[in-house]
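Below is one structure, written out as structure tokens, with a few remarks after it.
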Amino acid sequence: MACRGVDVVSGRSVADAMLARPKVGTADLTVAGARAELADDHVHAVLLVDAGVLVAVVERADLADAPDTDPARRYGRLGDRVVRPGEDLLETWRAMVATHRRRLAVVDAQGVLLGLLCLKRSGRGFCAQTDVDARARERADTSA
């Protein structure tokens with residue numbers, strides 16, 4: 001399936017390109033649980049939420065030496081892994097490309113998770129919700 005995605009153009013905001021229904025984990029997810037999520041090569045980050053508030057973004061490298069039974073949130077962070085929905089999309093894209101970051105959680109001023117900004121492998125645009133949904137349906141069909 002070809003990924004149509006969302007092009008990077010000036011005058012757009014992060015909210016225009018974010019995935020509105022990202023997959024999330026609970027704040028009490030263990031390291032073993034996070035590793036299981038990250039076993040899917042399409043998953044680059046695990047978003048951990050508590051009552052809708054993002055508490056950590058966990059990536060594979062964060063868990064390198066972590067014991068399986070520990071809470072995954074202990075090893076994740078926010079900081080450079082989050083962005084506000086009103087930020088300029090072109091500037092955000094430039095920063096993501098420069099830092100080799102493919103995923104940014106989109107949060108409001110209170111830390112509520114609103115979505116996920118997902119840079120395509122090519123680096124030329126962002127994943128679209130329709131493509132992500134189609135891929136999920138394809139996986140569900142092949143596992144049935």
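Only heavy atoms go into these numbers, but all of them, side chains included; no hydrogens, no water, no symmetry mates.
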**Item:** Pair L38-L63, side chain to side chain contact (heavy atoms under 4.5 Å, CB included): steps then yes or no
**Value:** CA-CA 10 Å; L38 292 163; L63 304 176; 3.9 Å; yes
**Asked** Under the side chain to side chain contact (heavy atoms under 4.5 Å, CB included) criterion, do L47 and V24 qualify, and how do the steps go?
**Response** CA-CA 5 Å; L47 308 176; V24 299; 4.3 Å; yes
**Audit row: L116, M18, side chain to side chain contact (heavy atoms under 4.5 Å, CB included) steps and yes/no** = CA-CA 5 Å; L116 179 68; M18 73 180 188; over 6 Å; no
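For the pair R94 and D88, the salt-bridge criterion is not met [side-chain N within less than 4.0 Å of a carboxylate O]. Between R12 and E87 there is no salt bridge, since no side-chain N of the basic residue sits under 4.0 Å from a carboxylate O of the acidic one. Salt bridge R103/E59: absent, no basic N to carboxylate O contact under 4.0 Å. The pair R84-D108 fails the salt-bridge criterion, with no side-chain N (NZ, NE, NH1 or NH2) lying under 4.0 Å from an Asp/Glu carboxylate O.
Taken from SG in C118 to NE2 in H44, the straight-line distance is 7.0 Å, to the nearest 0.5 Å.
Residues E37 and K23 approach most closely at OE1-NZ, 2.8 Å, considering heavy atoms. Across all their heavy atoms, C127 and L19 have their closest contact at O-CD2, 3.5 Å. Taking all atoms of both residues into account, the shortest heavy-atom contact from V31 to P67 is CB-O, 3.3 Å. The two residues A105 and L54 have their closest heavy-atom pair at CB-CD2, 3.5 Å. Closest of all the heavy-atom pairs between V106 and L117 is CG2-N, 4.0 Å. The heavy-atom pair separating L113 from V107 by the smallest distance is CA-CG1, 4.1 Å.
Annotation: side chain of L78 is in contact with side chain of V57 (closest heavy-atom distance under 4.5 Å). The side-chain heavy atoms of T30 and T69, taken from C-beta on, include no pair separated by under 4.5 Å. Between R35 and R60, every side-chain heavy-atom pair lies at or beyond the 4.5 Å cut-off.
Across T26, V53, V55, a single residue satisfies side-chain contact (heavy atoms from CB on, under 4.5 Å) together with L48, and that is V55. Evaluated for a side-chain contact (heavy atoms from CB on, under 4.5 Å) with F126, the options D16, T92, L119 yield exactly one hit, L119.
In this structure, R101 contributes its side chain and R81 its backbone to no donor-acceptor pair below 3.5 Å.
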